[in-house]
Amino acid sequence: DTTSILNIDSNYVTAYAIRALANTELNNKMEALKDFDNCIRIGTEDEKFMAYESRATFFIKFNMWQEAIKDYDIIAQTRTLTAFELNNRAFAYYRLGKNDIALKDATESIKINDTNAAAYDTLGCIYVAKNMYSEALDNFNKAIDLQQNLWESYENRANLYRKFVDIASSDEEKQKYQKLYEDDIDVVRTKMVKKDDNSDDDR
């Protein structure tokens, strides 16, 4: 439908925007990028920034970390980033190994919205990368407390427990953390099946 509209009016920005989102869901990456580019090229100022917002999320979806950061930086020149956007940028910085910058964004995201489980999960990942394991565990626990179906946090916490097993100073500690590791892995295994059966269950 949007392609039919654009065949009639090639400057219809809303049609490009809708088609970009459709192409994103269909994993048509190049086509989606072309549509986002057209929104930015011909749109009003408001439409351009809506396109930057959507394209940044697209870049996060497809692990294009540096590109996502660039778009969030463009948005930040005009307005304050939302908690969601700060968390996404934090995660992008984390995936690029820029953990100090990531830590700043993730912390700011939580200051704006301290009930966003994903931000605590991001913060936990950053602390693991910085070898700050106690802080990491606190944040994974908080993420799970806030959102019991955030399966990534169970998996991340399980991986952290494996590190605790490796550095444990006694057999008793090793057994303790091995059990906690296995419990979290079991949660991921069983709950992911339920997630697959429930399309409304997402992060």
Side-chain angles (χ1 to χ4, degrees), residues 1-76 78-96 102 105-106 109 112-113 115-122 125 143-144 146-156 187-203:
D1 286 345
T2 52
T3 300
S4 297
I5 292 169
L6 290 167
N7 286 336
I8 298 169
D9 182 358
S10 61
N11 290 317
Y12 201 123
V13 177
T14 301
Y16 282 118
I18 295 171
R19 193 171 69 177
L21 297 177
N23 275 319
T24 298
E25 290 301 313
L26 293 168
N27 292 328
N28 297 330
K29 292 187 276 189
M30 295 307 299
E31 291 84 352
L33 283 174
K34 289 176 184 176
D35 286 336
F36 285 129
D37 288 345
N38 280 319
C39 290
I40 292 167
R41 178 176 58 84
I42 65 176
T44 64
E45 285 303 304
D46 286 345
E47 289 167 338
K48 288 179 195 292
F49 276 94
M50 289 178 66
Y52 282 124
E53 292 164 6
S54 296
R55 192 174 69 175
T57 304
F58 164 92
F59 286 140
I60 292 290
K61 175 182 174 69
F62 292 108
N63 302 338
M64 301 169 72
W65 312 118
Q66 193 62 59
E67 291 85 350
I69 290 168
K70 287 179 182 177
D71 274 359
Y72 285 129
D73 287 348
I74 290 171
I75 297 167
T78 298
R79 64 163 175 77
T80 302
L81 295 179
T82 65
F84 172 82
E85 291 164 343
L86 282 164
N87 180 53
N88 276 355
R89 192 172 70 175
F91 192 73
Y93 276 126
Y94 155 72
R95 292 302 298 266
L96 291 172
D105 270 358
S109 174
I112 296 172
N113 179 6
T115 62
N116 181 12
Y120 288 101
D121 183 67
T122 298
C125 292
I144 292 167
L146 286 169
Q147 188 175 335
Q148 284 74 42
N149 65 345
L150 190 57
W151 316 126
E152 294 92 339
S153 288
Y154 289 100
E155 189 169 6
N156 289 333
V187 168
V188 174
R189 286 172 180 158
T190 57
K191 300 300 184 183
M192 284 298 286
V193 172
K194 294 182 180 179
K195 179 182 179 183
D196 290 339
D197 292 338
N198 185 352
S199 60
D200 293 332
D201 196 10
D202 58 20
R203 183 165 181 172

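Here the structure is a predicted model, which is why all the values come from computation and not from measurement.
Distance OG1/Thr122 to CG/Asn88: 8.0 Å, rounded to 0.5 Å. To the nearest 0.5 angstrom, Thr14 atom OG1 is 10.0 Å from Leu6 atom CG. One finds the CE atom of Met64 at 5.0 Å from the CZ atom of Phe59 (value rounded to the nearest 0.5 Å). Here the CG-CG distance, from Asn28 to Asp35, works out to 10.0 Å after rounding to the nearest 0.5 Å. Rounding to the nearest 0.5 Å places CD1 of Ile60 at 8.0 Å from CZ of Phe91. Expressed to the nearest 0.5 Å, how far CZ of Arg55 lies from CD1 of Ile75 amounts to 9.5 Å.
Between Asp105 and Tyr72, the closest side-chain pair of non-hydrogen atoms is not below 4.5 Å. The side-chain heavy atoms of Leu33 and Phe58, taken from C-beta on, include a pair separated by under 4.5 Å. With contacts defined as side-chain heavy-atom distances shorter than 4.5 Å, the pair Thr115/Gln147 does not qualify. Within the 4.5 Å cutoff, the side chain of Phe84 has no heavy atoms near those of the Glu53 side chain. Lys29 places none of its side-chain heavy atoms less than 4.5 Å from the side chain of Asn23. The side-chain heavy atoms of Ile5 and Ile8, taken from C-beta on, include no pair separated by under 4.5 Å.
No close placement of the Tyr16 and Tyr12 rings is indicated, their centers lying 6.0 Å or farther apart.
For the side chain to side chain donor-acceptor pair (under 3.5 Å) with Asp121, the qualifying choice from Asn156, Asn87, Asn116 is Asn156, the only one to do so.
Ser54 places a side-chain N or O within donor-acceptor distance of the main-chain N or O of Met50, the cut-off being under 3.5 Å. Using modelled atom types, one side-chain atom of Thr24 and one backbone atom of Ala20 make a donor-acceptor pair closer than 3.5 Å. Checked by atom type and distance alone, the side chain of Gln148 pairs as donor or acceptor with a backbone atom of Ile144 at under 3.5 Å.
Under 3.5 Å, the side chains of Asp46 and Thr44 contain no donor-acceptor pair of N or O atoms.
Residues Ala119 and Ser109 approach most closely at CB-OG, 3.8 Å, considering heavy atoms. Residue Glu155 comes nearest to Val188 through the heavy atom pair N-CG2, 3.7 Å, listed as atom of the first residue, atom of the second, then distance. Considering every non-hydrogen atom in both Cys39 and Ala51, the closest pair reads CB-CB, 3.6 Å.
No more than 12 heavy atoms of other residues, nucleotides or ligands shown are found within 6.0 angstrom of CG on Asp1. Surrounding NZ of Lys48 are more than 12 heavy atoms belonging to other residues, nucleotides or ligands, all under 6.0 Å away.
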Test salt bridge (Lys or Arg N to Asp or Glu O under 4.0 Å) on Arg79 and Glu85 and set out the steps. CA-CA 12 Å; Arg79 64 163 175 77; Glu85 291 164 343; 2.7 Å; yes

Just do the ring-ring contact (aromatic ring centres under 6.0 Å, His included) check on Tyr93 and Trp65 with the steps written out, would you? CA-CA 7 Å; Tyr93 276 126; Trp65 312 118; over 10 Å; no

